[in-house]
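Not measured: the values here are computed from a predicted model.
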Amino acid sequence: MPRSDTSTGPEGQNPRASARGASQNKATGAATFAWCDLSGSLPAGAAYETDGPVTAIAGPEARTGDVLSRLPASAPRGSGAPLRLRPVDGSAFTGVDLRRSEFAGGRLSFETTQKDDVEAVGFTIKGKVGQVLEITVPYPMGDGWTPPGRSGSLLVTLPQGVTLIDVPPESHSSDIPYCYPDPDKEGRAVCPGPEPPGTVMRVRIDRRVEGARGSVTAHSDPSVDPDQRNNTAPVKVEYVP
């Protein structure tokens with residue numbers, strides 16, 4: 001946050017800014033906006049810059065945001081040391097239309113290395129013992145589970161007592177992608193996506209197993225999605241009479 005000052009000075013003499021605190025970042029609670037009030041009126045054509053750098057620290061879960069922007073006058077004031085301003089040549093200042101303007105605004109946007117947060121979505125297989133079901137596998141929330149320009153895949157470990165039924169593409173005429181057996185691990189399905197109609201998994205409930213539970217996993221690059229804890233969600237079974 002910028003340093004703050006609540007005092008006033010003579011008009012046109014080394015003006016100081018009163019920095020106000022900001023709205024809260026939804027993910028971290030850290031302030032990401034600042035508003036500065038100038039004490040007194042400024043001469044026409046006057047321009048100033050801060051006498052030192054304005055530093056902002058992104059919260060550990062922040063991905064993108066704005067540091068400087070407009071805020072209502074009711075925003076709380078900061079509590080740091082005075083932020084002084086020094087005069088500069090403002091002849092080159094322009095507005096948003098790149099012409100000379102009566103006013104100008106500043107905005108500093110940022111992106112962090114944590115741009116993605118993939119969160120797998122669990123689901124429930126509901127049916128009778130011996131029944132064959134088609135389940136639409138929910139896609140994860142967040143970006144980053146599909147490589148750029150390519151499709152991705154989810155890995156579904158089926159609950160005990162449930163068997164995957166392979167549906168080869170040549171066996172049906174629809175555009176719906178079906179999950180298929182994982183060649184690297186028995187009992188696990190690979191579910192490609194995302195596709196507009198959704199990805200479907202055909203299964204059979206072979207027997208009742210109390211407390212049976214599987215999982216669905218969406219892989220992502222840990223370098224841009226460091227929170228890997230929510231990349232896996234449970235797959236449950238609900239038996240009906």
Evaluate salt bridge (charged side-chain N to carboxylate O under 4.0 Å, His left out) for Arg208 paired with Glu210, printing each intermediate quantity in order. CA-CA 6 Å; Arg208 187 185 187 102; Glu210 295 298 336; 2.5 Å; yes
The test is side-chain contact (heavy atoms from CB on, under 4.5 Å); show your working for Val137 and Cys179 and say whether it passes. CA-CA 9 Å; Val137 179; Cys179 302; 4.0 Å; yes
Given Thr232 and Thr217, is the side chain to side chain donor-acceptor pair (under 3.5 Å) satisfied, shown in steps? CA-CA 4 Å; Thr232 298; Thr217 298; 3.0 Å; yes
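- A distance-only check finds a donor-acceptor pair linking the side chain of Asp225 to the backbone of Val118 [under 3.5 Å].
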Between Leu154 and Trp145, is the side-chain contact (heavy atoms from CB on, under 4.5 Å) condition met? List the steps. CA-CA 9 Å; Leu154 304 173; Trp145 68 282; 3.8 Å; yes
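- Sorted by first and then second residue, the disulfide bond (SG atoms under 2.5 Å apart) pairs with a member in residues 206-241 form an empty list; sequence neighbours excluded.
- With contacts defined as side-chain heavy-atom distances shorter than 4.5 Å, the pair Val162/Val237 qualifies.
- In this structure, Ile165 belongs to a hydrophobic cluster whose other members, linked by side-chain heavy atoms under 4.5 Å apart, are Val132.
- Legend: salt bridge (charged side-chain N to carboxylate O under 4.0 Å, His left out) pairs involving residues 170-186, not counting sequence neighbours, sorted by first then second residue: Asp182-Arg188.
- At a threshold of 4.5 Å between non-hydrogen side-chain atoms, the residues Gln160 and Arg207 count as touching.
- Side-chain contact between Phe123 and Val235 is present, with heavy atoms from C-beta onward closer than 4.5 Å.
- Residues Pro234 and Arg213 have side chains in contact (heavy-atom distance under 4.5 Å, counting atoms from C-beta outward).
- Pairs passing the ring-ring contact (aromatic ring centres under 6.0 Å, His included) check and including a residue from residues 152-177, sequence neighbours excluded, read His172-Tyr178.
- In this structure, Pro177 and Pro197 have side chains that are in contact, with non-hydrogen atoms separated by less than 4.5 Å.
- Other residues sharing the hydrophobic cluster of Val240, ordered by chain and number and joined by side-chain separations under 4.5 Å: none, the residue standing alone.
- For the pair Ile125 and Ile205, the minimum side-chain heavy-atom distance is below 4.5 Å.
- Proximity of Asp206 to Val129: side-chain heavy atoms (C-beta onward) are nowhere separated by under 4.5 Å.
- The list of ring-ring contact (aromatic ring centres under 6.0 Å, His included) pairs with a residue in residues 220-241, not counting sequence neighbours, is empty.
- For the pair Ser153 (side chain) and Cys191 (backbone), a donor-acceptor distance under 3.5 Å is absent.
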